[in-house]
Amino acid sequence: MKPLNHIVTEFKESIFSTMTKLAIDHGAINLSQGFPDFDGPKWVIDLAKNALDQGHLLGNVGKNQYAPSPGILPLREAISKNYQRFYNLDFDPSNEIVVTNGATEAIFCACMALINPGDEVIVFEPFYDSYLASLQMAGAKVVPITLLAPHFTFDINELASVINSKTKMLILNNPHNPTGKIFTPKEINTIAELAFKFDFYILSDEVYEFLTFEQSHIPTASYPGLKERTITISSTGKTFGLTGWKIGWACGPKEIIKAIHNVHQFTTFCVAHPLQVAMAEALEKMDDYLIDFKNQYRKKRDFLVSGLKEVGFNVLTPAGTYFAMAILKEGENDIEFCKKLILEKKVAVIPTSAFYIKSNEGSNMVRFCFAKNDETLKNAIENLKR
Ligand SMILES: Cc1ncc(COP(=O)(O)O)c(C=O)c1O
């Protein structure tokens with residue numbers, strides 16, 4: 001038989017699936033995968049139930065049939081209104097927003113839409129694993145720049161030295177998974193200067209935009225001059241604790257969004273219609289929800305961080321996201337450590353070497369997820385104390 005595609009057959013099982021399987025096999029508390037072990041808000045789920053119950057309306061498209069490929073207009077309008085309200089950013093719902101199956105599909109479609117084989121793309125490591133896969137499928141040359149622990153800063157000279165005329169795009173994830181870092185305005189302005197000088201795009205993955213604890217999020221597109229070259233990607237998975245709904249989007253200049261939509265229409269075509277209806281309504285009512293949401297996660301962060309410190313972990317307090325990184329003792333290896341933690345303490349976390357392709361830094365760190373019930377976090381700390 002002729003060989004299959006040489007790029008995708010090389011992809012390995014994601015570290016999240018591996019750790020989750022191990023956690024289940026050994027009855028461990030799972031602080032590895034990045035999603036809540038509690039349900040999303042009932043009022044949002046009720047909105048979806050209502051949408052599912054609306055049959056085919058006369059003269060209208062039934063909510064259980066295909067949605068318009070770019071996303072239903074009320075959802076694009078709600079997304080647009082929120083960018084205006086929260087960040088004073090204008091995205092035209094008619095042609096500057098496309099709704100996708102989670103941020104993951106938006107990332108894939110953006111890579112396919114922007115990259116020609118051989119183009120170079122800068123990625124800060126550690127990174128969310130779908131960047132590498134999407135870039136490889138698009139034929140990009142991936143150029144990693146390491147964020148250095150404990151503050152996860154990058155070397156500006158190193159960044160400048162790898163940028164050249166082939167650099168097509170830089171991927172920025174802010175707030176950043178897995179480190180919990182929020183990029184400073186100085187860092188983003190440095191990136192902006194390079195983007196202007198070398199004319200590259202910025203894909204800004206902002207799925208944790210509402211999970212910032214001491215400061216408000218600043219979208220990359222709101223920095224002077226960056227809107228015209230930034231693709232802003234976000235989703236409702238983290239914000240509403242409904243990761244299974246996979247409602248995401250990309251916003252940006254209309255020519256770029258058109259190209260991203262061209263990919264979207266021939267991969268998934270559209271996103272689950274009733275869930276879009278529910279999200280369009282939920283996004284309109286976010287203000288009250290966000291106060292409790294942030295408080296709840298801030299408490300979880302503080303509980304986990306102080307618990308881990310008590311147990312003796314060198315844990316770094318994250319400024320955003322629902323992850324905390326801990327630096328291991330010298331000589332410890334992340335993968336061995338995680339396996340031991342599952343077997344001996346019945347707690348599963350993520351070895352961070354999986355998020356790096358250049359540096360060895362990840363092999364002495366592990367990532368904890370605190371998007372978990374208070375009871376789960378309490379039990380995890382108790383297990384670690386034993
Ligand atoms: C940085 C980052 N981007 C994107 C995603 C995926 O978002 P979605 O579930 O909307 O596809 C995740 C999920 O963990 C993530 O951590």
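When a ligand or atom number is given, it counts from 1 through the structure's own listing order. Since this is a predicted model, take the numbers as computed values, not measurements.
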Salt bridge or not between K378 and D374? Use side-chain N to carboxylate O under 4.0 Å. no
Number the atoms of ligand 1 from 1 as they appear, then name those within less than 4.0 Å of a heavy atom of K238, with their elements. 12 (C), 13 (C), 14 (O)
State yes or no: are the ring centers of F86 and H217 separated by less than 6.0 Å? no
Just need the protein heavy atom nearest to atom 2 (C) of ligand 1, so name the residue and atom and give the distance. D205 OD2, 3.4 Å
contact_flag S235 ligand 1 heavy-atom lt 4.0 Å: yes
A student checking ligand 1 against K246 at a 4.0 Å heavy-atom cut-off should list atoms 8 (P), 9 (O), 11 (O)
Is there a heavy atom of F35 sitting under 4.0 angstrom from any atom of ligand 1? no
Does any N or O of ligand 1 fall below 3.5 Å from an N or O anywhere on N101, backbone included? no
Flag N177 as yes when one of its N or O atoms lies below 3.5 Å from any N or O atom of ligand 1, and as no otherwise. yes
With atom 15 (C) of ligand 1 as the reference point, say which of Y128, F16, W249, F108 has the nearest heavy atom. Y128
Nearest non-hydrogen protein atom to atom 7 (O) of ligand 1, with distance, is A103 CB, 3.6 Å
Pairing of K385 and E310 as salt bridge, 4.0 angstrom limit: yes
In plain terms, say whether D46 and K49 are close enough for a salt bridge, that is, a side-chain N and a carboxylate O under 4.0 Å apart. yes
Considering only heavy atoms, does N173 approach ligand 1 within less than 4.0 Å through its side chain, its backbone, both, or neither? side chain
Taking only Lys NZ, Arg NE, NH1 and NH2, and the carboxylate oxygens of Asp or Glu, determine whether K63 and D53 approach each other closer than 4.0 Å. no
By number and element, which atoms of ligand 1 are closer than 4.0 Å to a non-hydrogen atom of V207? 2 (C), 3 (N), 4 (C), 15 (C)
For the residue pair K181 and F183, would you count it as a cation-pi contact if the rule is NZ or CZ under 6.0 angstrom from the ring centre and within 45 degrees of the ring axis? yes
Can you see which heavy atom on F152 is nearest to which on L316, and at what distance? CE1-CD1, 3.6 Å
What about F154 and F124, are their ring centers closer than 6.0 Å? yes
